[in-house]
Amino acid sequence: MSKLKKHPPDYQEELDRLIYTKDYMESILELAHTSKDQVQENIKDAFTNLDYLDSSLSYINILTNSRLLDMIQGDLRQLIKMKENPYFGRIDFIPADSAMPEKYYIGKFSLYRKDNQEPIVVDWRSPVANLYYDGRLGQVSYQAEERERFGDLNLKRQYVIEEGDLEEIRDIDVTSRDELLQKSLSEKSDKRLNDIVATIQEEQNRVIRQDLQKPMIVQGVAGSGKTTIALHRLSYFLYQYQDKLSPDKVMILAPNNMFIDYISQALPDLGVEKITQTTYNEYVQACIRTKINMIDSTLKLKDLLETTSENKEETIIVSQLKGSIKYESVMKEYLIDIIKNYVPKEDLYIGKFKFFSYKKIQKLFLKDYRYLTIDQRKEKINQLLKKEFKSKKKEIIDKIEEKFEEKYESILFKYQDAEERKVHSITLLDNKEQRLKEVKAETFKTISQYMRKFPKHSSIDYYKNLLTDEKLFKQYSQDILDESEIDLILKQTAETVKKNQFETEDLAGILYLQAKLFGIPEDFKMKYIVIDEGQDYSLFQYRALAIANQTRLFTILGDLAQGIHQYRGTNNWEDILNHLLPKANYITLQKSYRTTIEIMDLANQLLMNQANNLPLAEPVVRHDNKPQMLECKTDEEIFSRCTQLIDELNQHNYTSIAFITKTEKEAEELTHKFNNDSTFEVQLLQGKEAMSKNIVIVPAHLAKGLEFDVAILVNMNTRYNTNELETKLLYVAITRACIDYISLVKSRLPFN
Ligand SMILES: Nc1ncnc2c1ncn2[C@@H]1O[C@H](COP(=O)(O)OP(=O)(O)OP(=O)(O)O)[C@@H](O)[C@H]1O
């Protein structure tokens, strides 16, 4: 890269361009403000003139103006965001079929001249902007409107514009190191997860723009930008499908609410609004429209980390089974029987007339309507019965008349005596009248009564029933699971489920039953789903999600090396590729952007100790302090080093410092100490709250996905063992640091 010092040849031209852009934006902003005032005025007028008797016109007026106001406000928000930094890059492209160079300034949002549609700034997500990220100088091409445009890229330029002033200009080519990236990485930011549109790297760009019609799995090392890429891909997706898909059909799943808060701060800047951001747990509850009493999902991890009980092995087996395709098969067998036994086993009579046989209704339910959920099948049958009843009513009456006619004739024939004949005839007539009255009076009540005999269980009821009824569970699982597996699942689940308590591992089964039996509400049916920390979800969780949403458009990002929830998650991507997304693009990211070479070298030692043979991370060249390992003798000494470190680090103006403990208990103890014995304000992170302080204390498993300028690992009464789970946990903890990593221990960590 050649940084153009102070006055590059076209410096004045660039300055003029910036002034022109800013002036134009200013004029558009003014216009937008005026239109906003005008539209607001229109709405006010419409409300004042609202005539309650004939209000349709006023309502239309209000509606139109409200939509206009929404649009103007959206434009205004974008313009305000752009004002300080209207663009960050430029490319000069000479199309092969013309000698006229096309100059494109690239920014976060596009800006067109209203009079002639000339692009002043093009959006980073537009097709031509791909050349900025992907194209090398020389011959290039890009895809626009189904057609490939060939040409020469003869300039790629970066700008640093701060508060509207042009600070730096750099021309780049592929061989040069990206200084803007270095600058952006070394900057301490109080806002984590910045948008990175100016410095997206080639491999990241490929993930962001990868075929949106296909699922994708990204395995990326810690700090490779997975979360950041997930958000940018969402932004790209919404831009590409802005006219075809509403953002509320797009969902991002994250591990907990603290993480959602963390990512949601970055979304508005990327133009991503109104998408669903939730956790798997909350999503399932929304789908079944019922609050589930969930057992804290971290308890199991805590158990695995803190206790030495022999049950560990069993706990892991049960969690893995519940996330497996075998468990789905058990649910499937169960489901087949639920559906088979759903229709009440009786014929439907209207009076004494057999209106519909069980067999006939069962056929409708199982065959004719099999493409519908059982709720929908039930409704269809209800409607059909009512319709049939209307048309059959006359037929039934005729039949009764006919029958009585026959009986009457036999009376005439049987009784010669006039008096006797009369008595019998009168009785018969009375009976007939009574019968007809009954039939006529028989309204839809009979059908309603019949419909009420269908079961009324919810998906939770069914799930609970299966796991608390030993005989039932065995019946459906005996050909799928081993006897010991069946016993283990029952042993570990029956008691809690009986008390209406469920674990994360149960959610896939509940969602599966809900989707297959009743379907999920339309508002929660997504078309496109992005899943971060994807290694934490089981195959069955993914499959249930796909069945419920009837989509395979998943973008899954994760890192198996950070799979601390591996007991209930995924430990290889092949399973998901083979059993759910065979057409998915599988991409690996090895470059790590978060942290320094010194810290990543340490983390790589832990990667080498892992069984999954993952390639080592390649840190983007950036040096800083060597990680420090400070051995202390007592808890008091550890605590006093903690406070000393804060004093020292504060002098470097670090914006975020995290004390990362191995367990929750230790995090609580440390917080207690800080609150009692120091004046520092610290925040204990527990997974639900937003991060609001610069100094946080967090157990390692909750720090996953987050990052801090400095990570200080504190081990007072704990140490990381060399087993798989704890190696992963330590890997997570170490890779949270952007700049400095310090470890305070009473005994050295295993790999030193
Ligand atoms: N191209 C880039 N330009 C600037 N910063 C980047 C770039 N790519 C990633 N980063 C920064 O690197 C850091 C790590 O990114 P991110 O948290 O998205 O990684 P991750 O793969 O999700 O990490 P982990 O799995 O460890 O949680 C973030 O601060 C992000 O802003």
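Numbering of ligands and ligand atoms starts at 1, following listing order. These figures come from a predicted structure and were not determined experimentally.
Remark: ligand 1 and Ser224 share an N or O pair separated by less than 3.5 Å (distance only, no angle test). Checked by distance only, ligand 1 and Thr227 come closer than 3.5 Å through their nitrogen or oxygen atoms. In terms of N/O distances under 3.5 Å, ligand 1 is approached by Gly223. Taking only nitrogen or oxygen atoms, main chain and side chain alike, Asp559 does not reach within less than 3.5 Å of ligand 1.
Salt bridge annotation for Asp296-Lys302: absent, with no cationic side-chain nitrogen under 4.0 angstrom from a carboxylate oxygen.
For the pair Arg736 and ligand 1, a heavy-atom separation below 4.0 Å is found. Residue Val221 places a heavy atom less than 4.0 Å from ligand 1. Ligand 1 lies less than 4.0 angstrom from a heavy atom belonging to Leu181.
Side-chain N/O atoms of Asp740 and Tyr654 include a donor and acceptor closer than 3.5 Å. If you check the side chains of Asn257 and Glu282, you find a donor sitting under 3.5 Å from an acceptor. For the residue pair Thr735 and Arg594, no side-chain donor N or O sits within less than 3.5 Å of a side-chain acceptor on the partner. Gln219 and Asp559 form a side-chain donor-acceptor contact under 3.5 Å, judged by distance and modelled atom types alone. Gln242 and Gln240 share no side-chain donor-acceptor pair at under 3.5 Å.
Considering each of Gly225, Ala603, Ala703, Gly220, the one bringing a non-hydrogen atom nearest atom 19 (O) of ligand 1 is Gly225.
Under the salt bridge (charged side-chain N to carboxylate O under 4.0 Å, His left out) criterion, Glu14 pairs with Arg90, Arg157, not counting sequence neighbours.
Contact annotation: for Gln204 versus ligand 1, heavy atoms closer than 4.0 Å belong to the side chain alone.
Residue Thr228 has at least one heavy-atom neighbour below 4.0 Å for each of these atoms of ligand 1: 15 (O), 16 (P), 18 (O), 30 (C).
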